[in-house]
Amino acid sequence: MKKTILVFGLISGVLSSLMMVCTVPFVHNLDNDGHAGYIVGYTTLVLSFLLVFFGIRSFRDNVANGQISFGRAFSIGILITLISCAFYVVTWEIIYFGFMPNFMDNYGNHAIEQLKASGASAAAVQAKMQEFDNFRKMYKNPLINAAFTFIEPFPVGLVITLISAAVLRKKAPVQAASALPTSA
């Protein structure tokens with residue numbers, strides 16, 4: 001079980017990290033409101049979490065003689081998800097603190113500009129500016145940054161784990177009861 005979890009977790013983690021490295025620099029260029037960036041980002045997460053399904057199936061077919069309970073499948077899937085999420089978090093921490101330390105400033109400024117363009121009141125703009133200022137300060141702490149980053153992919157992985165465990169569970173075939181001896 002450990003080997004399956006490690007192999008599929010590492011592949012999923014490397015895939016999510018690679019996809020992040022390839023897409024993050026270009027997300028701001030996709031469109032003005034960032035929606036395409038979210039679509040690209042979450043699509044890459046779903047693709048990397050497909051390894052959860054394949055990991056559970058591999059364990060069921062190659063190790064567990066074609067049968068697996070929902071609980072065992074869930075535990076394998078959630079451990080693969082946790083490994084993948086750890087890769088995602090470490091990759092973001094490296095990108096953010098090493099290459100994009102002004103990401104939150106740019107994101108906040110863009111959001112404030114959009115709010116102003118939408119005709120929001122000065123009080124609403126000021127409140128949003130204060131909110132972003134507090135968020136920027138929190139985001140500079142690597143532990144808080146890591147926690148916020150972890151909660152991006154984890155729900156996606158959890159949903160895929162639940163679906164995969166439900167779809168792939170397979171009980172042992174029920175054997176027909178043999179004829180009971182009759183007493184004379």
Could you state whether V159 and I151 fall into the same hydrophobic cluster, counting links through intermediate Ile, Leu, Val, Met, Phe, Trp or Tyr residues with side-chain heavy atoms under 4.5 angstrom apart?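 Yes, V159 and I151 fall within the same hydrophobic cluster.
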
State yes or no: do M100 and L18 share one hydrophobic cluster built from I, L, V, M, F, W and Y residues joined by side-chain heavy-atom distances below 4.5 Å, directly or via other members?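 The answer is no; the residues belong to distinct hydrophobic clusters.
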
Do the side chain of [X] and the main chain of [Y] share a donor and acceptor less than 3.5 angstrom apart?
X    : Y    : value
N145 : K140 : no
R72  : S69  : no
S17  : F87  : yes
S48  : L45  : yes
S84  : I80  : no
E93  : A146 : yes
N62  : S58  : yes
N109 : D105 : yes

Which atoms form the tightest heavy-atom contact between [X] and [Y], and what is the distance?
X    : Y    : result
S75  : M1   : OG-CE, 4.5 Å
L15  : L47  : CD2-O, 4.1 Å
M20  : Y88  : CE-CE1, 3.2 Å
Y42  : E152 : CE2-O, 3.7 Å
G77  : V52  : CA-CG1, 3.6 Å
F154 : L82  : CE1-CD2, 3.8 Å

Decide whether Q130 and N134 meet the rule of one side-chain donor and one side-chain acceptor closer than 3.5 Å.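 Q130 vs N134: donor-acceptor pair found between side chains.
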
Are a donor atom and an acceptor atom from the side chains of T81 and T161 found within less than 3.5 Å of each other?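 T81 vs T161: donor-acceptor pair found between side chains.
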
So that I know where these two stand, are F103 and W92 an aromatic pair - ring centroids less than 6.0 Å apart?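 When the ring centroids of F103 and W92 are compared, they turn out to be within the sub-6.0 Å range.
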
To the nearest 0.5 Å, tell me how far [X] [atom1] sits from [Y] [atom2].
X   : Y    : atom1 : atom2 : result
D61 : R57  : CG    : CZ    : 6.5 Å
I68 : R169 : CD1   : CZ    : 11.5 Å
L51 : I160 : CG    : CD1   : 10.0 Å
I78 : I5   : CD1   : CD1   : 11.0 Å
F74 : S164 : CZ    : OG    : 11.0 Å
L79 : K2   : CG    : NZ    : 11.5 Å

N102 CG: over 12 foreign heavy atoms closer than 6.0 Å: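 Yes, CG of N102 has more than 12 neighbouring heavy atoms, counting only those of other groups under 6.0 Å.
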
Counting heavy atoms not belonging to F99, are there more than 12 under 6.0 Å from its CZ?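 Atom CZ in F99 is not packed in, count stays at 12 or less.
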
Would you mind telling me which of I56, L168, V63 makes a side-chain contact (heavy atoms from CB on, under 4.5 Å) with I76?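 Only one option passes, and that is I56.
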
Strictly below 4.0 Å, N to O, side chains only: are E131 and K128 in salt-bridge contact?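 Answer for the salt bridge query: yes.
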
Parallel, tilted or perpendicular: which fits the ring planes of F132 and F135, with parallel below 30° and perpendicular above 60°?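 The arrangement is perpendicular - the two ring planes meet at more than 60°.
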
For a 4.5 angstrom cut-off between non-hydrogen side-chain atoms, does Q67 reach R60?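 No, every pair of side-chain atoms sits at 4.5 Å or beyond.
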
I would like to know whether M138 and F148 meet side-chain contact (heavy atoms from CB on, under 4.5 Å); could you show each step before the answer? CA-CA 10 Å; M138 286 191 316; F148 280 130; 3.9 Å; yes

Evaluation steps, ring-ring contact (aromatic ring centres under 6.0 Å, His included), between Y96 and Y139: CA-CA 10 Å; Y96 179 79; Y139 220 65; 5.2 Å; yes

